[in-house]
Structure formats: C-alpha cells, structure tokens
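Reviewing the structure listed below.
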Amino acid sequence: MGTVREIDWSTASVDGGALRVELSGVAPRGWQGRFKAVVQLLDQAPGRWADVSIAGGVVTVKGVTEGVESDLRHFLESVVQQVNADLGLEAEPEGDEDALSEEEEQRRADRQMSSRFRTFADPPN
C-alpha cells in the first residue's frame with residue numbers, strides 16, 4: 001500500500017479565475033492518468049468551472065467563479081479520494097475512524113474559513 005495523496009488546501013490560490021492547489025505525497029505510477037479519467041467521469045458542473053488539469057503535483061481548475069468554492073472543494077476531494085481508492089492507497093485508521101474524519105473535517109473547515117478571512121486583507125480592485 002502506498003502513501004495517500006491529499007489536497008493541501010493551504011497552498012490554494014486563485015488568479016484570474018484559475019484555482020491552483022498542490023497535492024501532498026508522491027504520485028505512484030498511473031496516479032495522474034487515473035486523476036484525469038475520474039475528473040471526466042465525475043465532472044457534472046457545466047458552467048460552474050471549466051477545465052480541471054493536473055501537472056507536477058498541482059491541480060489547476062480554470063473558469064472558477066465566486067460562490068462555487070464549497071462545491072468545487074467537494075468535487076476535487078471526491079476525485080482524489082476515488083483515485084487513491086482505485087490505486088489501493090487508502091489510509092489505515094490509527095484510532096476511531098469516525099473521530100478521525102470529524103477532526104479532519106474540522107481542520108478543513110478551519111482552513112477554508114481562514115482563507116476567507118484572509119481575503120478581507122486584500123484591497124478591493
């Protein structure tokens with residue numbers, strides 16, 4: 001079993017409507033190809049964002065519009081989780097699985113809210 005890849009949301013940045021976010025871990029052989037295939041299978045959001053691509057451990061989503069953050073996060077997390085499962089990279093829980101997932105969800109929510117609060121520091125254009 002290999003290392004689970006995850007989205008490192010602390011690296012997320014949007015420039016010109018293009019989201020760029022890094023993935024943690026090293027991609028095993030076939031990971032990027034499977035990522036592209038799963039994106040095509042799951043992408044059911046026409047008009048909410050455009051092209052989703054991956055290169056060098058960075059996911060790029062073009063055509064991101066305000067208000068889709070939560071849906072796009074869910075979509076990308078689902079893609080990464082499916083690719084990890086398809087390639088046998090599922091994490092083995094060290095303790096109570098429900099508690100671990102709740103803690104991770106809280107950390108993700110905290111990071112997302114932190115990011116939104118940081119936007120208040122940016123001067124309006």
Side-chain angles (χ1 to χ4, degrees):
M1 179 181 294
T3 304
V4 173
R5 296 205 83 189
E6 294 180 338
I7 298 172
D8 182 357
W9 290 107
S10 69
T11 66
S13 66
V14 178
D15 185 25
L19 168 68
R20 290 178 42 91
V21 64
E22 295 177 17
L23 295 169
S24 66
V26 178
R29 184 179 196 103
W31 203 96
Q32 285 192 178
R34 186 67 192 142
F35 178 91
K36 292 173 186 177
V38 172
V39 163
Q40 289 180 349
L41 289 172
L42 296 181
D43 194 359
Q44 301 294 318
R48 304 213 52 212
W49 54 79
D51 184 52
V52 178
S53 61
I54 185 170
V58 177
V59 174
T60 302
V61 183
K62 296 179 181 174
V64 176
T65 58
E66 193 170 357
V68 302
E69 298 90 348
S70 181
D71 290 343
L72 182 53
R73 173 185 162 236
H74 177 73
F75 171 73
L76 292 175
E77 291 284 355
S78 297
V79 170
V80 170
Q81 184 178 13
Q82 184 63 52
V83 174
N84 284 332
D86 289 351
L87 297 178
L89 303 176
E90 298 161 296
E92 294 179 25
E94 295 179 10
D96 180 41
E97 192 171 315
D98 292 332
L100 184 62
S101 64
E102 287 177 21
E103 287 176 23
E104 180 59 27
E105 282 300 315
Q106 182 62 53
R107 283 194 295 270
R108 287 180 182 153
D110 290 346
R111 286 192 301 261
Q112 192 172 31
M113 287 186 290
S114 295
S115 177
R116 287 186 190 129
F117 281 114
R118 286 184 198 127
T119 64
F120 297 146
D122 294 338
N125 292 344

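Computed from a predicted structure; not experimentally measured. If you read the sequence from its start, that first residue is 1, and numbering goes on from there.
Partners of Arg5 under the salt bridge (Lys or Arg N to Asp or Glu O under 4.0 Å) rule, at least two apart in sequence or in another chain, do not exist in this structure. With sequence neighbours left out, the salt bridge (Lys or Arg N to Asp or Glu O under 4.0 Å) criterion links Asp71 to Arg48. For the salt bridge (Lys or Arg N to Asp or Glu O under 4.0 Å) test, no residue two or more places apart in sequence or in another chain qualifies with Asp51. The ring pair (Phe, Tyr, Trp, His ring centres under 6.0 Å) check on Trp9 picks up nothing, with sequence neighbours excluded. Partners of Glu77 by salt bridge (Lys or Arg N to Asp or Glu O under 4.0 Å), not counting sequence neighbours, listed by chain and number: Arg108.
Counting heavy atoms from C-beta on, the side chains of Val52 and Phe35 come closer than 4.5 Å. Counting only heavy atoms from C-beta outward, the side chains of Gln40 and Val38 never approach each other to under 4.5 Å.
The hydrophobic clustering, which links ILVMFWY residues whose side-chain heavy atoms are closer than 4.5 Å, places Val79 and Val58 apart.
Here the CG-CD distance, from Leu23 to Gln32, works out to 8.5 Å after rounding to the nearest 0.5 Å. Atom CD of Gln81 and atom NE2 of His74 lie 9.0 Å apart (nearest 0.5 Å).
Closest approach of Asp8 and Thr11 over heavy atoms only: O-OG1, 2.7 Å.
Applying the side-chain hydrogen bond (donor to acceptor under 3.5 Å, both in side chains) test to pairs two or more places apart or on separate chains, those with a residue in residues 14-31 are Trp31-Asn84.
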Item to check | Derivation and outcome, side chain to side chain contact (heavy atoms under 4.5 Å, CB included), residues Leu19 and Leu76 | outcome: CA-CA 11 Å; Leu19 168 68; Leu76 292 175; 4.1 Å; yes

